[in-house]
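Protein chains get the first letters and strands the later ones, always in sequence-line order, with residue 1 at the start of each.
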There are 4 protein chains.
Amino acid sequence: MAQKTDTRSSILQATLELIAEKGFHGSPTSMIADRAGISVGTIYCHFKTKDELIHALHEELEGKRRTVILKGYSEDLPFGERYFHLCRNTYHYLMENPLEFRFMEQYSYSPYGVCNLRQKLDSYVEPFHALFKLGIEQQIIKKLPLMLLFDLTFGPMINAIMDHNLGLLTLEEALIEEAIGATWDAVRR
Amino acid sequence: MAQKTDTRSSILQATLELIAEKGFHGSPTSMIADRAGISVGTIYCHFKTKDELIHALHEELEGKRRTVILKGYSEDLPFGERYFHLCRNTYHYLMENPLEFRFMEQYSYSPYGVCNLRQKLDSYVEPFHALFKLGIEQQIIKKLPLMLLFDLTFGPMINAIMDHNLGLLTLEEALIEEAIGATWDAVRR
Amino acid sequence: MAQKTDTRSSILQATLELIAEKGFHGSPTSMIADRAGISVGTIYCHFKTKDELIHALHEELEGKRRTVILKGYSEDLPFGERYFHLCRNTYHYLMENPLEFRFMEQYSYSPYGVCNLRQKLDSYVEPFHALFKLGIEQQIIKKLPLMLLFDLTFGPMINAIMDHNLGLLTLEEALIEEAIGATWDAVRR
Amino acid sequence: MAQKTDTRSSILQATLELIAEKGFHGSPTSMIADRAGISVGTIYCHFKTKDELIHALHEELEGKRRTVILKGYSEDLPFGERYFHLCRNTYHYLMENPLEFRFMEQYSYSPYGVCNLRQKLDSYVEPFHALFKLGIEQQIIKKLPLMLLFDLTFGPMINAIMDHNLGLLTLEEALIEEAIGATWDAVRR
DNA sequence: AATGAATGAGCTTTCATTCAT
DNA sequence: CATGAATGAAAGCTCATTCAT
């Protein structure tokens, strides 16, 4: 019973690591099994197909991320601070979980992910939606399509973290604040 | 010799179309040959391996893009106009060449592309480098790492065009101008 | 112990149904266990291997069939009537038990059944042997090898029932009598 | 070009032999390739799937058989002689080609063959159809469903040849004639 | 240069069987 | 006796690459 959970988790973890490292097609089931310390057949005791395994992993991470991004968030904060808070959480989460970040990249730009990475980020974070809507009404935020506001916020964030992970940029706390400040300038009136 | 060029080109074109349409792993060499109207073996007369074919295609597109983006560019334009001009060209090029855009996406987030899509865009466009450097000196542009300035410029652009291609956003001329304006707000002092 | 019998029976019944329905290779042990309402391992408490299970099922059906075919049979009946009686019983049994018939088909023409379906029918029904032997002595039956006499009797029967099960022929009582009459014409002098 | 035909033929031959010998599930593609003296992949240059290979083999044999069974047949022969002629040809063909006979058995009683072996035999041999129809009209043949007449003719034939192949019966020329005579007694008025 | 049949390593998936509980 | 997660050999199939023509 603990067994079953452990096995499932170790498969998911092995899959996460391998795909982050080598991509979908560098991660055959045999290799996943090896890394998880189980045998190939066992994967199919827990997931009907390899695709299902990958989707399950995606769901798992999605749920986890959502929780973390909302941590400490409150609608009582002043408007600008709310934007910074959500962005800050997202930056931290993505930077502290580079495997997940790399996996999401792979997933989003593959047949698995129907839409793109940026959408994965906001899709479950209604607060951003609400925030932008309210901001437009109160004439704090530029009157642009919501999609574009998301692009202006998440596009730089994702690219900056990629650069950071590739060693092309060093995202220290202060620089993250400046980056958020810059996208704030982009979206605010 | 005209022969050779034609064959090579038709292979590259077939590869571009197929990969944009079906991704790397939906594009076996046999299918590329079919679409190019040649036989499998012929691919190997022009490219040592499939990987080499893909890299060659990438180089080809890279060079072409560079030329187009610089069209009409002059250092005599006022500073802000120069930023707008380069961005506008890039938007138009990427939107008018959706196959290439889709291919670059695929390429960037795969083992083929060591670095990310955003870098593909600026890597050969020194004018942006020069522009940002000058802007910082003249205190027109925020004093941020060049990488971050690129992220602030190209991140939203790439995401907006993706959304556009997915039908989630309609990028008309006016909206493109607003989008560039927003990233200008992000990078300018 | 009542338990033991019940479990064993339910495994055999599940096996019969599945194989009749989907053939040997559409009937994995896991599916048999599911249908029997037990778990995979339990099958191996009752049968050493899957093959043994299948052979056991075969034996079971063989024995049952033998009993039924002899029902109401008596050596006091006139000769021709004895032939008709055995054939009639066999027709009825096979038609009333289509799962078993289908299973026997599958079994006979597979590596499981070393010999053919027709032999399965007569092998335990000595009365037919006795009848044919006697008939030859009394010059009622053609002087042919016993095997051929069985072929002349059971060949049409099996094929007719197959056709019936496939909806290609409607075997009503009267037609069965005619069919038996025809094979009687084939074997009698 | 001769190459292609040879390869295809050797695959078909290897498949015929193996399936006759070991059945469908004792004949993996790897074994077929081995026996044909080619590599696994080559099978898939000639047949899209293993199923298609098996169906193709079936078609091939079907066509061949049809030709042979009709050899020397003429509607000018007297009625009974026509029946004997077609049966004789069929007996000889099936006995001289035991691999094909065994394959047809396997095929007919598997998911591949929707209907049974007997139907495979008559389905392409309209002369039998015509013969029985005419015989019924002329009151030479019993007034029974055509299907049943086929069962009465082919049922014993198939079973007798099986017995012969299993060494349970020795079908010499004289005995074949007697067997045909017996089924003739079964179908004639 | 061009061809395309042949190759075979490698992939995903299945399933009879085992064994610790 | 019963369980069912774990096993791993083996299956069908794909596809980048080769090479004789």
Study note, to complete from the structure: B:S27 meets the side chain to side chain contact (heavy atoms under 4.5 Å, CB included) criterion, sequence neighbours left out, with B:L18, B:I19, B:K22
Check your understanding: Who pairs with A:D51 by side-chain hydrogen bond (donor to acceptor under 3.5 Å, both in side chains), at least two apart in sequence or on another chain?
Key -> A:Y112
**Study point:** Candidate nucleotides F:dT14, F:dA6, E:dT7, ranked by approach to the side chain of D:Y44 - the nearest
**Key:** F:dT14
Point to revise | With A:R102 via side chain to side chain contact (heavy atoms under 4.5 Å, CB included) - residues at least two apart | key: A:A20, A:E105, A:Q106
Atom pairs, N/O to N/O, protein against nucleotides 9-11 of chain E, distance under 3.5 Å?
none

Exercise for review: Could you tell me how the ring of B:Y107 sits relative to the ring of B:H58: parallel (under 30°), tilted (30 to 60°) or perpendicular (over 60°)?
Suggested key: parallel
Check your understanding: What dot-bracket string describes DNA chain E from 5' to 3', counting Watson-Crick and G-U wobble pairs whose defining distances are under 3.5 Å, with [ ] for crossing pairs and | for pairs to another strand?
Key -> .||||||||||||||||||||
Point to revise | Partners meeting side-chain hydrogen bond (donor to acceptor under 3.5 Å, both in side chains) with C:H25 (sequence neighbours left out) | key: none
Exercise for review: Identify which nucleotide among E:dT18, E:dA6, F:dA2 has an atom closest to any side-chain atom of D:T7, counting heavy atoms from C-beta outward.
Suggested key: E:dA6
Check your understanding: How is D:I38 classified with respect to the nucleic acid when contacts are heavy atoms under 4.0 Å: base, sugar-phosphate, or nothing?
Key -> sugar-phosphate
Review point. Mapping C:I43 and A:I43 onto DNA chain F by nearest heavy atom, which one lands closer to the 5' end?
Key: C:I43
Exercise for review: Return the nearest nucleotide to the side chain of B:C45; candidates are F:dA2, E:dA6, E:dT3.
Suggested key: E:dT3
Study note, to complete from the structure: B:D6 CG to E:dA2 P, in whole Å, measures 10 Å
**Study point:** salt bridge (charged side-chain N to carboxylate O under 4.0 Å, His left out) against C:E52, all qualifying residues, sequence neighbours excluded
**Key:** none
Check your understanding: Residues two or more places apart in sequence or in another chain: which of them pass salt bridge (charged side-chain N to carboxylate O under 4.0 Å, His left out) with D:K64?
Key -> D:E100
Point to revise | Residue pairs, two or more places apart or on separate chains, that pass salt bridge (charged side-chain N to carboxylate O under 4.0 Å, His left out) and touch residues 10-20 of chain A | key: A:E17-A:R35
